[in-house]
Each structure stands twice: as C-alpha cells, then as structure tokens.
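Keep in mind the model is a prediction, meaning the values are calculated, not measured. By convention in this document, chain letters (A, B, ...) are assigned in the order of the sequence lines, proteins followed by strands, and residues within each chain are numbered from 1.
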2 protein chains.
Amino acid sequence: MGQIHPLKEEVTLEVIKTACSNCNLRELCLPYGLSEEELDKLDDLVSTRRRVKRGEHLYRAGSPFDAIYAIRSGFFKTDVLLEDGRDQVTGFQMAGELLGLDGISTEHHTCNAIALEDSEICAIPFPHLESLSRDIPTLQHHFHKVMSREIVRDHGVMMLLGTMRAEERLAAFLLNLSQRFTARGFSHAEFYLRMTREEIGSYLGLKLETVSRAFSRFQEEGHIAVQQKHIRILNVSGLKALMNHRP
Amino acid sequence: MGQIHPLKEEVTLEVIKTACSNCNLRELCLPYGLSEEELDKLDDLVSTRRRVKRGEHLYRAGSPFDAIYAIRSGFFKTDVLLEDGRDQVTGFQMAGELLGLDGISTEHHTCNAIALEDSEICAIPFPHLESLSRDIPTLQHHFHKVMSREIVRDHGVMMLLGTMRAEERLAAFLLNLSQRFTARGFSHAEFYLRMTREEIGSYLGLKLETVSRAFSRFQEEGHIAVQQKHIRILNVSGLKALMNHRP
DNA sequence: GCGTTCGCTTGATCCATGTCAACCGTGGCT
DNA sequence: AGCCACGGTTGACATGGATCAAGCGAACGC
C-alpha cells in the first residue's frame with residue numbers, strides 16, 4: 001500500500017484518477033470556471049503529482065522556484081526563518097489551496113512548506129501556467145484572483161496580529177478553520193487540528209502556553225470542547241462575539 | 001498652480017510628460033523590462049492620470065474594483081477597518097509602487113487608500129492590463145512578480161508583528177523606509193516621515209506612545225536624530241543590530 | 001508491558017507595552 | 001500677533017502575555 005508500481009496500466013489509471021477534470025476540488029482550486037476544453041489543456045499542464053509524507057518539506061526557503069503546488073489532499077504549514085533564529089508560521093494550507101506563490105517574485109522560495117500529515121500535491125510548472133493563461137483568459141483571471149486573495153488573507157493576519165488580543169486571535173483562528181473545513185464538505189463543528197499548540201502560537205504571535213490557556217478558557221466558558229487536537233465548536237456565535245468584542 | 005486647463009496643447013503636453021516611456025520610475029514600476037515597442041502599448045493603456053490631494057481617498061474599502069494604480073509621485077497609506085471599529089494601517093506606498101492589488105480577488109477594494117501628501121497616480125484599467133499581458137509575456141511575468149512581492153512583503157510584516165519587540169519593529173521600519181528612499185535616489189540617511197506616530201503605531205501594532213518612546217530612546221543612544229517628522233539616521237548598523245538582537 | 005519522549009496543561013512570577021494623564025511645541029487660522 | 005488644535009513627548013501606573021517551572025497523559029519504540 002502506498003507503493004506505486006510503474007506498470008503502464010497503473011500509471012494511466014493514476015493519471016486519470018488525478019486529472020483536474022476529475023478532481024473534486026476543482027471548484028476550490030485553479031480550474032475554477034474553466035470549460036471542458038480548457039480543463040483538458042490544464043490536465044496536460046499539471047503533469048507531476050507527488051506524495052509528501054508528514055514532516056517532509058515540499059520546498060525550502062532559498063531553493064529555486066519553478067512550480068506552484070496545488071494540494072490534492074493533506075495539510076501543510078509554511079514558515080519563515082529569520083537570520084537571528086526567529087521563525088514564524090505564515091500559514092496553514094489545506095486541500096484545494098495553492099502553495100509557492102511567494103517564490104515568483106525572486107525566482108526562489110522565501111519560506112518552507114512542510115506537510116503536517118501525509119499529503120498529495122500537484123506541481124504546476126510556472127512557465128507553463130503563464131503560457132497557458134495567455135491562451136485562456138478565464139484561467140489568467142482566476143489565477144490573478146487567487147494571488148489577490150492571498151494578499152487579502154495576509155492583511156487579515158496582519159490585522160489579527162496587530163490589533164487582537166490572545167483570545168480574539170484564537171477565536172478568529174478556530175472560526176477560520178471551521179469555515180474552510182465547511183467549504184470542503186467537512187463538519188464545521190468538529191475537527192482535528194493537524195498542528196501543535198506551538199505552531200498555532202507561532203502563527204498567532206503567541207506562546208504555546210497562552211494558546212493552551214485560551215483553549216482551556218473557551219472550554220470553561222462552554223464555547224468549545226477540547227481534547228488534545230480534537231475540537232468541537234459548541235457555540236459559534238459565542239466565539240464570534242469573543243472575536244470582536246473589545247472589553 | 002495645481003489647476004489643469006483643458007486646452008488641447010496642455011493636455012497633450014501632460015500626456016507626453018506622464019507617459020510610462022518617459023517616466024523616471026519605469027524601472028521600479030510596471031514597465032520594468034519592456035522593449036520600446038511594448039512600452040508604447042503600455043502608454044496607450046495607462047490613459048488616466050489623477051491628482052489626489054493630501055487626506056483624500058484614492059479608493060475606499062467596498063467600492064468596485066476596476067483598476068490598479070501606480071504612484072507617480074507622493075505618498076499613500078492603506079488601511080483596513082473592522083466591523084467593531086478597530087482599524088489598522090496595512091502599508092505605506094511611495095512613488096513607483098502599485099496600489100489596489102487586493103481588489104482583484106472580490107472585484108471590490110478591501111481597504112482604503114489615502115494620500116498622505118499631494119500625490120499623482122496613473123490608473124491602469126485592470127481588464128486592459130490582463131488583455132495586454134496576454135500579448136506581452138514580459139509584462140505578464142513582471143506583473144506576477146509584483147503581486148508575489150506583495151505577498152512576500154506581507155509575510156515580512158507578519159514576522160515583524162508576530163515575533164519582534166517594539167524597538168525591533170521600529171528599527172525595521174526605519175531601515176525599510178531608508179532602503180526604499182535610496183532606491184528612488186533620495187538620501188538613505190535623512191528623510192521626512194509623511195505619517196503620524198499614530199499611523200506608524202497602527203502599522204507596527206503599537207500605540208503611539210510606544211512609538212514615541214522608541215524614537216526618543218534611539219536618539220538617546222545615538223542611532224538617529226529625530227525632530228518631529230524629520231529623521232536622520234546616524235548609525236545604520238546600530239539599527240540593524242537593534243533589529244535582530246534578541247536580548 | 002514498560003519506559004521514554006513529546007505535547008499539553010496549569011501555577012507563580014515578571015516585564016514590556018498599554019493606559020491614563022499632563023504638558024509642550026508647532027503650524028494654521030483669525 | 002495671539003489663539004487653538006493637533007501631534008508629539010514624558011511620567012506613573014495597570015495588565016496581558018511571556019517566562020520559568022512542575023507535572024501529566026498519550027503515543028511510540030523497545
């Protein structure tokens with residue numbers, strides 16, 4: 001299991017199974033809005049699939065950039081390491097989301113992408129994507145939207161880091177996760193965290209103890225039920241109130 | 001002065017004066033790397049110029065997006081306003097930089113862009129830009145780089161907000177400004193801030209008093225000379241050390 | 001099955017930054 | 001010239017979150 005035998009039939013089967021046109025994430029991912037015909041062209045482009053085991057790097061800061069990656073399944077984090085040893089998680093990415101957009105600017109990746117669980121990705125060679133998006137305005141426009149959405153998301157994080165208190169940050173974080181799980185057809189109220197308290201803290205600009213205390217407090221107040229990485233959201237509107245109520 | 005008379009000669013003169021092909025910011029801005037011929041096409045595209053007085057909005061959060069803007073001269077800030085009244089400055093932009101990239105994703109602007117001094121901008125209708133960049137791969141690729149650079153910049157701010165202390169943040173901020181002024185041919189060591197302490201604080205996730213105290217301290221320690229908005233950097237390496245020395 | 005490790009929780013204390021408040025300098029307006 | 005408003009500085013005090021430290025439970029390797 002997990003082994004792929006390079007027999008012709010198996011390879012073909014694999015390709016068919018993982019083509020964009022058949023992917024159930026296509027409405028969340030790059031193919032959004034494309035016609036059948038256009039999808040076929042994209043299928044040709046997205047030639048490389050790869051499995052990334054939990055803990056493995058998909059790419060590293062400083063390595064040459066030549067492709068962006070769509071997550072087929074699994075869960076990733078990206079982090080940045082400063083010269084002086086500080087590091088920060090800049091994002092958590094799940095199925096249907098794109099990784100590597102930061103590498104376009106300098107032709108080198110500027111962060112590390114690490115799988116938080118066994119994952120599968122589609123590599124999209126960037127020069128090919130640019131070339132194809134010159135032919136397919138819908139693809140071009142959608143790609144621009146995806147990049148722009150990343151900028152908007154980052155502004156949201158800046159807002160969170162710049163103006164919110166610890167519990168507000170964690171509430172915002174949980175609601176965001178919940179909403180993204182919902183968009184993928186999972187329960188909005190119950191999920192497993194793939195990341196540690198320390199990684200959450202790094203992302204939210206907090207120490208792991210503070211994250212842990214906030215979880216405990218949310219539980220005491222009946223907003224959520226926590227048991228290690230298992231989260232059940234009991235009171236969405238409670239969390240929302242917590243998120244934007246300045247005391 | 002400041003009045004533009006709509007006489008034919010004047011308008012023509014204005015257009016020639018402000019064409020990308022003649023703009024001394026072209027190497028910092030969108031035209032980077034284009035041939036003469038390609039530049040001519042871009043000149044046709046960038047048809048609208050506008051003056052924005054100090055304090056005026058270039059666009060507002062929620063307003064429909066139809067163009068991105070290149071700053072010809074002047075200085076802007078962008079800020080985001082949350083429902084609960086919190087707001088944060090998400091960036092300061094100077095000549096040669098682009099504004100409005102956040103609007104692509106939802107077709108509406110997601111932040112306010114406000115001039116911090118009398119400024120001039122070039123409006124670039126976005127559908128035209130997409131169309132032209134389908135014809136000019138160099139333009140397409142450069143535009144992608146610019147968007148990607150914005151993402152990388154935002155990661156830097158997240159890092160700053162998530163891991164740095166007040167004085168480190170301010171040192172990073174000053175060094176960043178200095179570097180951007182240098183790239184525009186101004187002194188790297190002496191400049192006027194266009195924003196208030198409160199705006200700096202908002203951007204850096206600090207209160208204005210903290211910003212003020214940090215300025216005073218930098219001055220006491222001989223790293224800079226401050227007088228209101230006039231800044232002289234006396235010791236660049238001192239600031240750099242301050243920026244990434246964990247005490 | 002047992003020990004080790006890692007991630008998590010909780011408590012006690014400390015410190016950086018926020019908060020509140022007073023005051024000052026500058027620039028704009030009358 | 002003089003007043004006013006705004007931005008900036010500085011001080012005293014409060015507090016949220018960091019830090020230090022101890023202990024616990026679940027997962028994993030032997």
I need the [atom1]-[atom2] distance between [X] and [N], as an integer number of Å.
X        : N      : atom1 : atom2 : result
A/Leu206 : C/dC8  : CG    : P     : 15 Å
B/Tyr192 : D/dG7  : OH    : P     : 18 Å
A/Lys207 : D/dC20 : NZ    : C1'   : 13 Å
A/Ile231 : C/dG7  : CD1   : C1'   : 14 Å
B/His230 : C/dG27 : NE2   : C1'   : 18 Å
B/Met195 : D/dG8  : CE    : P     : 11 Å
A/Ile200 : C/dC8  : CD1   : C1'   : 11 Å
B/Gln228 : D/dG8  : CD    : C1'   : 6 Å

Less than 3.5 Å between a donor and an acceptor, one on the side chain of A/Gln227 and one on the base of C/dC8, is that the case here? no

Any N or O donor-acceptor pair linking the side chain of A/Arg217 to the base of C/dT9 at under 3.5 Å? no

Check whether the ring centres of B/Phe92 and B/Tyr203 lie less than 6.0 Å apart, and answer yes or no. yes

What's the closest nucleotide to the side chain of [X] if the choices are [options]?
X        : options                : result
B/Glu209 : D/dG17, C/dC8, C/dT19  : C/dT19
A/Arg197 : C/dC8, D/dT19, C/dT17  : C/dC8
B/Arg213 : D/dC20, C/dC8, D/dG11  : D/dG11
B/Ala166 : C/dT17, D/dG16, C/dT10 : C/dT17
B/Thr196 : C/dG7, D/dG8, C/dT9    : D/dG8
A/Arg165 : D/dG8, D/dG16, C/dT17  : D/dG16

Would you indicate what [X] reaches in the nucleic acid, counting non-hydrogen atoms under 4.0 angstrom: base, sugar-phosphate, or nothing?
X        : answer
A/Ser216 : sugar-phosphate
A/Leu208 : base
B/Gly205 : sugar-phosphate

Spell out, as yes or no, whether a donor-acceptor pair under 3.5 Å connects the side chain of A/Ser119 to the backbone of A/Glu117. yes

Please confirm whether the backbone N or O of A/Thr110 pairs with a side-chain atom of A/Asp102, one donor and one acceptor, at under 3.5 Å? yes

Does the pair A/Asp154 and A/Met159 meet the rule for a side-chain contact (heavy atoms from CB on, under 4.5 Å), with working shown? CA-CA 9 Å; A/Asp154 289 346; A/Met159 196 81 202; over 6 Å; no

Could you check whether the rings of B/His109 and B/Tyr59 sit parallel, tilted or perpendicular, using 30° and 60° as the cut-offs? parallel

Does B/Ser212 have a side-chain nitrogen or oxygen under 4.0 Å from the phosphate oxygens OP1 or OP2 of D/dG8? no

Does D/dG7 have OP1 or OP2 sitting under 4.0 Å from an N or O in the side chain of B/Lys229? no

Would you say that B/Phe75 contacts B/Met195 through its side chain, given a criterion of any heavy-atom pair below 4.5 Å between the two side chains? yes

